[in-house]
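Side-chain atoms are counted along with the backbone in the values below, which use heavy atoms only and exclude waters and symmetry mates.
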Amino acid sequence: MKGMGTDEETVLKILTSRNNAQRQEIASAFKTLFGRDLVDDLKSELTGKFETLMVSLMRPTYIFDAHALKHAIKGAGTNEKVLTEILASRTPAEVQNIKQVYLQEYEASLEDKITGETSGYFQRLLVVLLQANRDPDGRVDEGLVEQDAQVLFRAGELKWGTDEEKFITILGTRSVSHLRRVFDKYMTISGFQIEETIDRETSGDLEKLLLAVVKCIRSVPAYFAETLYYSMKGAGTDDDTLIRVMVSRSEIDLLDIRQEFRKNFAKSLHQMIQKDTSGDYRKALLLLCGGDDE
């Protein structure tokens with residue numbers, strides 16, 4: 001980065017081939033050696049989406065989600081997409097951690113901020129998810145499975161209007177293994193996938209959040225594969241989502257996401273990034289992605 005121009009290739013190769021903990025050590029050594037802040041230098045040397053991606057890679061893992069939520073709630077308008085993606089997909093332990101970090105870093109309660117910017121049943125489901133009190137996985141009680149499936153059937157398909165509260169409570173608090181059985185039983189009882197019912201019976205942000213929760217209960221990697229696919233499909237690219245998912249899952253389940261992507265969309269994640277992006281931004285994303293699952 002010294003002198004005229006920047007050797008972007010070196011920057012992207014170093015940052016994409018190290019894990020987050022190593023990147024933090026590099027930043028600290030950089031400051032020790034040169035008395036300069038690496039992230040500030042990246043911001044002044046790089047531009048556009050490539051800059052956003054490199055700066056995102058430098059953000060310490062522990063603060064990544066809290067930072068994304070802070071920016072989703074900040075200023076005019078709320079980015080419901082980000083609230084939905086993060087709160088539907090993170091484990092209870094991760095959500096507890098996000099709340100603590102948010103409080104430490106921003107001296108505010110994440111729940112208060114979210115309730116201040118959202119409303120209705122969408123807000124209520126977000127608050128339920130923020131409690132991070134989902135039942136832990138254990139032995140599944142078939143009687144309770146049957147009961148929950150019946151309650152959901154009566155709250156939606158069999159009812160004039162919809163009892164959203166039942167969907168919120170059951171989908172927001174039961175264990176993952178229990179809910180997977182509930183979805184199977186629901187199909188048997190009603191003849192519908194639970195997603196079809198949610199699609200018919202709810203709308204707007206609540207519908208998107210309920211669907212995200214159901215998809216994450218079924219498979220978090222499949223949910224992210226779909227999120228990545230739709231961030232690139234059609235005209236234009238939702239680069240914020242592409243960057244957020246690639247960075248936040250890069251050390252968690254990106255291999256599983258790649259597998260699901262290949263299985264569900266008849267092309268590899270690598271191919272789609274290749275086709276949809278360009279320049280140093282593309283090079284860096286492809287290195288993060290890793291191999292091409294032909």
Test log, rule side chain to side chain contact (heavy atoms under 4.5 Å, CB included), inputs D205 and T118: CA-CA 10 Å; D205 293 327; T118 56; over 6 Å; no
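- A salt bridge between E85 and R244 is present, with a side-chain N of the basic residue lying under 4.0 Å from a carboxylate O of the acidic one.
- With sequence neighbours excluded, the residues satisfying side chain to side chain donor-acceptor pair (under 3.5 Å) with R174 are D148.
- Salt bridge status for R181 with E142: present, with a side-chain N to carboxylate O gap under 4.0 Å.
- In summary, the side chains of Y102 and E107 do not present any donor paired with an acceptor at a separation below 3.5 Å, with no hydrogens or angles considered.
- Between E111 and K99, no side-chain nitrogen of the basic residue sits less than 4.0 Å from a carboxylate oxygen of the acidic one, so the salt-bridge criterion is not met.
- Within the structure, salt bridge (charged side-chain N to carboxylate O under 4.0 Å, His left out) contacts touching residues 56-74 (residues at least two apart or in different chains) are D65-R90.
- From I198, atom CD1 reaches atom CG of L171 across 5.5 Å, with rounding to the nearest 0.5 Å.
- A side-chain donor-acceptor contact under 3.5 Å links Y281 and D239.
- Without hydrogens or angle criteria, R258 side chain to L269 main chain gives no donor-acceptor distance under 3.5 Å.
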Stepwise side chain to side chain donor-acceptor pair (under 3.5 Å) check, E45 with T6: CA-CA 7 Å; E45 294 285 328; T6 308; 2.5 Å; yes
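- A continuous path of hydrophobic side-chain contacts links L286 to L242 [ILVMFWY only; heavy atoms under 4.5 Å].
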Chi angles and distances behind the side chain to side chain donor-acceptor pair (under 3.5 Å) call for Y121, T202: CA-CA 10 Å; Y121 289 112; T202 62; over 6 Å; no
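- Classified by interplanar angle (parallel below 30°, tilted 30° to 60°, perpendicular above 60°), the ring pair F153/Y186 is perpendicular.
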Verdict with reasoning, R23 to N20, per side chain to side chain contact (heavy atoms under 4.5 Å, CB included): CA-CA 5 Å; R23 288 182 214 120; N20 193 282; 3.7 Å; yes
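- Hydrophobic cluster membership is shared by V176 and V140, with clusters built from Ile, Leu, Val, Met, Phe, Trp and Tyr side chains linked at under 4.5 angstrom.
- No single ILVMFWY cluster, assembled from side-chain heavy atoms under 4.5 Å apart, contains both V220 and L129.
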Stepwise side chain to side chain contact (heavy atoms under 4.5 Å, CB included) check, L38 with L42: CA-CA 6 Å; L38 176 55; L42 289 170; 4.1 Å; yes
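- Here L158 contributes atom CG and S190 contributes atom OG; the two are 9.0 Å apart, rounded to the nearest 0.5 Å.
- A donor-acceptor distance shorter than 3.5 angstrom exists from the side chain of T52 to the backbone of G48, with no hydrogens or angles considered.
- The aromatic rings of H67 and H71 are tilted relative to each other, their planes meeting at an angle between 30° and 60°.
- Put simply, CG on L103 and NZ on K113 are 11.5 Å apart, with the number rounded to the nearest 0.5 Å.
- Using a 4.0 Å cut-off between a side-chain N of Lys or Arg and a carboxylate O of Asp or Glu, E157 and R200 qualify as a salt bridge.
- Here K43 does not pair with E51 in a salt bridge; the nearest charged N to carboxylate O distance is not below 4.0 Å.
- With salt bridges taken as basic N to acidic carboxylate O contacts below 4.0 Å, one links E9 and K13.
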Audit row: Q100, Q96, side chain to side chain donor-acceptor pair (under 3.5 Å) steps and yes/no: CA-CA 6 Å; Q100 276 170 335; Q96 289 293 11; over 6 Å; no
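- Atom CD of Q271 is separated from atom CZ of F261 by 9.0 Å, given to the nearest 0.5 angstrom.
- With N264 contributing its side chain and E260 its backbone, the two residues share a donor-acceptor pair below 3.5 Å.
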